**Q** 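Quick one: the structure is below, and I'll ask about it shortly.
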Amino acid sequence: MSVNLRSVFAFAKEYHQKKESQKDIQYGTAGFRSHADNLDYVMYRMGLLAALRSRAKASQAIGVMITASHNPEHDNGVKLIDPLGEMLEQRWEQLATDLVNVPDSGLEAQVAKICEDEQIDNNEPAKVFVGMDTRYHSPQLSRAVVNGILALKGTVTEFGIVTTPMLHYFVTCTNTQNAYGLPTEEGYMGKLIAAFKALRGEQAEPGNYRNQLYYDGANGVGSLKMLGFIKKLNGALNVKVFNSNGKINFKCGADFVKTNHRVPEGLPEEAALASGRCCSVDGDADRVVYYFTDKEGTFRLLDGDRIATLLAGYLKDLIEQCGVQLEMGLVQTAYANGASTDYIVNRMKIPVSCTRTGVKHLHHKALEYDVGVYFEANGHGTIIYSEKAKQAIRAASQDESRTEEQRKTAARLLQMIDLTNETVGDAISDMLLVETVLHAKGWNLDDWLASYTDLPNVLEKVYLADRNVITVTDADRVVVAPAGLQDSINEIVAKFPKGRSFVRPSGTEDIVRVYAEADTRENAVQLAFEVANLVFDQAGGQYQKKLSADESLPESLNILLFGSGDPRHILATASQLFLHPGLKVNVYLAEGCIELLARHMVLLAVAFEDPELLSLKGKTHLFMDLFGNNLIRPFSSAYLSSKAKELTDIITDAEYAQRQAPMFNYETLRYKERDQLENVFRFWTNAPEHVFNIARYWEDRLRVQLGERYDHRNGAFDWDLQMRLRENGAKQVCPQEYKHWRETGIAFTFPEYEQSDPNKTFAVGLVRNGKGFLHRGSVGDNMTGPYIAFGHKCAEERLSRSKHGVNDFRSTDVTERNVLQIVYEIQNRKPYCFDPKDIHQYGAHQLDTGKNLNKHEARTESAEAIHYNKPLLRCENLTIHFLSVDDVLRMHEMERFAGKFDVVFVASNYLGLVKDGFSRAWKESCLVCFETRQLTVFSKEEIKEHTDKIKAFAQKESLAAVTNFSINKNHSVLLYKRAGNK
């Protein structure tokens, strides 16, 4: 047999090209994983490597498993299986990484290098087994693997759809010349079922044990294979399979149950009502967890730690009863619950070893024992028996000098060995082992749970600029660098009863995971946050998440703004969409009054105005005027009047709207609301009857608010600014601008402008009255100010500088800079480069704002020389949905919103409107953002009270903090996801 390495390149170039844009990826414990669309060339190259590995291992069979395990359906992956069912040797992991990351032009040379370095003779046979899970793209990717094997003239055996543990089993059987079993699906099932039935005996329901199991198949291969097992079990174990034909791992499976601490969707009703014994496997059936709902309706989880203690305790009893002298040990990672470790060591008297995180590390450590039990908390694990142990147990089963009971116990141990898939964690094998032990003990899950009580624990993430600044040792439990970090962690841990915490950098992304446990849930949470904050401060933390190299954006995002009050979030998102042209963003606006929806529309229209009508600076100042000033420039008033006519046409003519403002979607607005919008826009036009004396409304509100302090209002304003607003973090706001705004309602002032016309976008409660309108007053805040939205901070550090407490730049100046960036990036679809000449600098200056020129009567002169009726700038991947005001309080009841939103923002004053069941509108991985009252003039007690309400709601909905809400940092927004979601 002759192999021409040139064919390797030819195959790749013709069928499996690697695009230049493909980023480097790394082979890890799980092999390669990514979005399925990115894996074709990876699969081909892994076929090549599998053939080379077989030749390097004396032509033994090598396995290639195509799966992404517990990942979402759109992902896939591939990993190689070594001759005795082990994971790929660590040195070859680097060869895999190098081979996948070379360009097509270097592929032939890279294969040749591997052959030379590993002394591989390509004239020798190569034998490769290929298996795959049930993902719809697995067959196509399997074809690429096969092409790689054939390119090097290897022999392929395709097993089709199998669990990952089954392929490990087939490889081991073949390379042991069938000593481990027959390398077929029938051989695998037959071996496990024969051992299970022998161990089970005749009694179906001893003690508290009941012969009924509810099995969540994660809509993956585990469900298919379990259906086959059920037929052959013949009632020895009654299993009801659910989640067998849906979307793989979607709201189901072992990882979902473990990380979310809740039952999967699809659970049969009788399982929940009757405290049914339930288990979940993952997408490729290599991990399993148990759970039930107790009589109080509380979810109870029995994870990998529990499985390890159950099996180890039973095996220890059997070994002692048959009188065989064997060294037994249990292997855990640092993530194992401290209560389980204490129970194993002090109650069960079994030695415990701790290794680095990763199944391969646990497996190798377990090999050091005669009987090595290892499980990760996620439910992945198995038991390994040394050859010495097997021989000793076999001899004991035949030793006539032992008692009959000892010989029977030894025979039972042999059946336990046959029931175990020693090659790798196997959900079906492990499930049958658990059922065997529970049956033997006569236990239900309550009995199992009562063996010990888990310590409350929390797992947090801290995002870093570079995860490599943290290095760890002692099985990931001790920080080596940065120097002093571990000592500081120890000091924090010492404050908490039964406290334990460690930090571990991720192997794939710039995050550090913080694990903490303590005597109470409250202490565990506090410990986690304190350690997370410490890591954040000492290791270069950052709050925003960055996508890892192999992580892709979703095709679309549905964002709900629940009472945002202004379009700051929409504009910030829109300005960055040029970076993500393939991402479709749908923003849904829910506001409590129709006038606020109208205000959103006109402010968005300013930002997206055609550049022929408004310059960037013109847009910026117009936006600021309408956004933050009670009285506006005559130019702004003229624009508002003209734009109001245009917006009237947009909401009354669907075809016209599609041409002029295709990003606006008002389909859900009721006809009466569209009529109300039309009234609002008509009021905005300049006509003698459209009177709005906002200055009077402002003063009336101020008098009511201050009461007896009104005559000393300047001092009251200064107190609110210095002792409240700036103390709470809004240090960019200057006294001169804040006091002027509190007095007049005019927030943003420049020397070249005078504000004189009423800003009718603040009018609220509009009702037609003949040709004119009645209105209830003005909407909006009159204590904190509009400065926080865009003027709190910016990318240029110099704009935040101050001297002797006097800022170089006002919040107004920072707002000008930030709004200018937004409108620039929306218009030009490229990053904005700051030029100091673009903005004003009046932080240290006391501007003469002059007399308040209040012209509350409507302007009647012909100021609208320009008609602002050109189509708005297009943003193809953004749609803004204006929701009905009625939807605000009924959203949780409406089917069309069920499971809809990826991101939800809840404004601080809308928290009280959040109804029970609001979470029905969230997707499982939804990011929930709660606005706090931090950057306001509320007292610290009021801020804390509101924050506590947010945290209580989050706890009620089983939400976990996304960022570390540290003890010495205050946040204007708290971010949550469902507990356990990434």
Side-chain angles (χ1 to χ4, degrees), residues 199 207-209 288-290 300-355 362-363 365-386 388-389 392-393 396 405-406 409-410 412-413 415-417 419-420 422 425 429-457 475 477 498 500 517 519:
L199 288 163
N208 292 330
Y209 182 84
V288 62
V289 295
Y290 272 73
R300 302 290 186 182
L301 176 69
L302 298 112
D303 60 9
D305 292 342
R306 294 275 182 178
I307 294 173
T309 57
L310 179 75
L311 299 183
Y314 184 69
L315 288 172
K316 181 175 183 287
D317 290 344
L318 291 183
I319 290 169
E320 290 176 348
Q321 288 169 21
C322 72
V324 179
Q325 299 300 312
L326 297 173
E327 183 184 5
M328 182 179 180
L330 197 149
V331 186
Q332 294 182 321
T333 70
Y335 289 108
N337 194 279
S340 73
T341 308
D342 180 72
Y343 178 76
I344 296 161
V345 173
N346 297 317
R347 291 279 302 277
M348 297 171 63
K349 307 299 182 183
I350 297 175
V352 171
S353 295
C354 188
T355 70
L362 284 94
H363 191 93
K365 189 67 179 177
L367 289 170
E368 297 177 8
Y369 296 99
D370 293 328
V371 179
V373 180
Y374 74 85
F375 274 85
E376 291 185 297
N378 62 25
H380 190 293
T382 189
I383 308 164
I384 302 175
Y385 300 86
S386 69
K388 169 191 167 184
I393 295 168
E405 189 62 34
Q406 286 179 318
T409 302
R412 189 168 182 84
L413 266 173
Q415 297 290 358
M416 289 290 288
I417 294 172
L419 189 54
T420 305
E422 297 178 69
S429 166
D430 292 340
M431 179 268 289
L432 294 173
L433 284 167
V434 168
E435 291 298 318
T436 296
V437 177
L438 293 177
H439 178 271
K441 289 178 173 287
W443 279 6
N444 60 20
L445 296 191
D446 267 316
D447 298 325
W448 183 9
L449 188 70
S451 56
Y452 66 87
T453 302
D454 278 324
L455 288 171
N457 57 87
R477 294 177 293 185
K498 297 185 180 179
R500 183 171 74 95
E517 62 184 32
D519 61 330

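One-based numbering along the sequence shown. Only a predicted model underlies this, so the values are computations on that prediction, with no experimental measurement involved.
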**Q** What closest approach, in Å, do Ala389 and Asp370 show between heavy atoms, and which atom pair accounts for it?
**A**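 Closest approach of Ala389 to Asp370, heavy atoms only: CB-O, 3.5 Å.
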
**Q** Are any non-hydrogen side-chain atoms of Glu517 and Pro456 less than 4.5 angstrom apart?
**A**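 Of all side-chain heavy-atom pairs linking Pro456 with Glu517, none is under 4.5 Å.
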
**Q** Considering all heavy atoms of both residues, which atom of Arg412 and which atom of Ala440 are nearest to each other, and what is their separation?
**A**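 Where Arg412 meets Ala440 most closely, the heavy atoms are NH2-CB, 3.8 Å.
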
**Q** For Thr409, what residues pass the side-chain hydrogen bond (donor to acceptor under 3.5 Å, both in side chains) criterion, not counting sequence neighbours?
**A**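 Thr409 satisfies side-chain hydrogen bond (donor to acceptor under 3.5 Å, both in side chains) with no other residue.
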
**Q** Assess the residue pair Asn208 and Trp448 against the criterion (side-chain contact (heavy atoms from CB on, under 4.5 Å)); give the C-alpha distance rounded to whole Å, side-chain angles, the decisive distance to 0.1 Å, and a yes or no.
**A** CA-CA 11 Å; Asn208 292 330; Trp448 183 9; over 6 Å; no

**Q** Could you tell me whether the side chains of Tyr369 and Ser353 share a donor-acceptor contact shorter than 3.5 Å?
**A**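 Their side chains do contain a donor-acceptor pair, which is all the 3.5 Å distance test asks for.
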
**Q** In chain order, what residues pass the side-chain contact (heavy atoms from CB on, under 4.5 Å) check against Ala377, with sequence neighbours excluded?
**A**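 side-chain contact (heavy atoms from CB on, under 4.5 Å) check on Ala377 returns Lys258, Asp303, Asp305.
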
**Q** Can any side-chain N or O of Asp447 pair as donor or acceptor with the backbone N or O of Asn444 at less than 3.5 Å?
**A**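 Checking the backbone N and O of Asn444 against the side chain of Asp447, a donor-acceptor pair under 3.5 Å is found.
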
**Q** Excluding sequence neighbours, so at least two apart, what forms side-chain contact (heavy atoms from CB on, under 4.5 Å) with Ala312?
**A**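 side-chain contact (heavy atoms from CB on, under 4.5 Å) check on Ala312 returns Met328, Leu330, Met348, Ile350, Val373.
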
**Q** If you measure from OG on Ser451 to CH2 on Trp443, what distance do you get to the nearest 0.5 Å?
**A**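 Reported to 0.5 Å precision, the distance equals 5.5 Å.
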
**Q** Can you list every salt bridge (charged side-chain N to carboxylate O under 4.0 Å, His left out) pair that touches residues 429-442, not counting sequence neighbours?
**A**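 For residues 429-442: Arg277-Glu435.
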
**Q** Between Leu362 and Val331, what is the shortest heavy-atom contact and its length?
**A**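 Answer, listing the atom of Leu362 first, then Val331: CD2-O, 3.7 Å.
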
**Q** Which residue pairs pass the salt bridge (charged side-chain N to carboxylate O under 4.0 Å, His left out) test with at least one member in residues 306-316, sequence neighbours excluded?
**A**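 Found Arg306-Asp454, Lys316-Glu320.
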
**Q** Compare every heavy atom of Ser340 with every heavy atom of Tyr452, then report the nearest pair and how far apart it is.
**A**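 For Tyr452 and Ser340, the tightest heavy-atom pair comes out as OH-CB, 3.2 Å.
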
**Q** State, to 0.1 Å, how close Thr420 and Ile383 come at their nearest heavy-atom pair, and which atoms those are.
**A**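 So the two residues come closest at CG2-O, 3.4 Å.
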
**Q** Report yes if some heavy atom in the side chain of Leu311 is under 4.5 Å from a heavy atom in the side chain of Phe375; otherwise report no.
**A**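 In contact.
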
**Q** Have a look at Leu413 and tell me which of Leu326, Val324, Ile319, Val371 forms a side-chain contact (heavy atoms from CB on, under 4.5 Å) with it.
**A**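 So the option named by the test is Ile319.
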
**Q** Taking the side chain as every heavy atom from C-beta outward, state whether Asp446 and Arg300 have any atom pair closer than 4.5 Å.
**A**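 Result no, sub-4.5 Å side-chain heavy-atom pair not found.
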
**Q** Between atom CD of Glu376 and atom OG1 of Thr333, what is the distance when rounded to the nearest 0.5 Å?
**A**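 So the gap between those two atoms works out to 6.0 Å.
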
**Q** Mind listing the closest non-hydrogen atom pair of Asn337 and Leu455 along with its distance?
**A**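 Closest approach of Asn337 to Leu455: ND2-O, 2.8 Å.
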
**Q** Report the C-alpha separation of Tyr374 and His363 in whole Å, then their side-chain angles, then the decisive distance to 0.1 Å, and conclude whether the ring pair (Phe, Tyr, Trp, His ring centres under 6.0 Å) test is met.
**A** CA-CA 7 Å; Tyr374 74 85; His363 191 93; 5.5 Å; yes

**Q** For residues 335-348, which residue pairs qualify under salt bridge (charged side-chain N to carboxylate O under 4.0 Å, His left out), counting only residues two or more places apart or in two chains?
**A**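 Found none.
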
**Q** Nearest 0.5 Å, what's the CG-CE distance between Leu419 and Met431?
**A**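 So the gap between those two atoms works out to 9.5 Å.
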
**Q** Do Val289 and Leu302 come within less than 4.5 Å of each other through their side chains, counting heavy atoms only?
**A**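 A side-chain contact is absent here, since even the closest heavy-atom pair is not under 4.5 Å.
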
**Q** Could you measure the distance from the OG1 atom of Thr436 to the CG atom of Leu438? Nearest 0.5 Å is fine.
**A**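 Spacing of OG1 (Thr436) from CG (Leu438) equals 9.0 Å.
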
**Q** For Ala334, is there any backbone N or O sitting under 3.5 Å from a side-chain donor or acceptor partner on Arg500?
**A**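 Yes, because the side chain of Arg500 sits within donor-acceptor range (under 3.5 Å) of the backbone of Ala334.
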
**Q** Would you say Tyr314 and Val434 make side-chain contact, with heavy atoms under 4.5 Å?
**A**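 They are not in contact (no side-chain heavy atoms under 4.5 Å apart), so the answer is no.
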
**Q** State whether a side-chain donor-acceptor pair under 3.5 Å links Gln332 with Thr341.
**A**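 Result is yes, a qualifying pair exists.
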
**Q** Would you sort out whether Ile307 and Leu433 count as a side-chain contact (heavy atoms from CB on, under 4.5 Å), showing the intermediate values?
**A** CA-CA 9 Å; Ile307 294 173; Leu433 284 167; over 6 Å; no

**Q** How long is the straight-line distance from OG1 of Thr453 back to OH of Tyr343, given to the nearest 0.5 Å?
**A**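 Going from OH on Tyr343 over to OG1 on Thr453, the span is 11.0 Å.
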
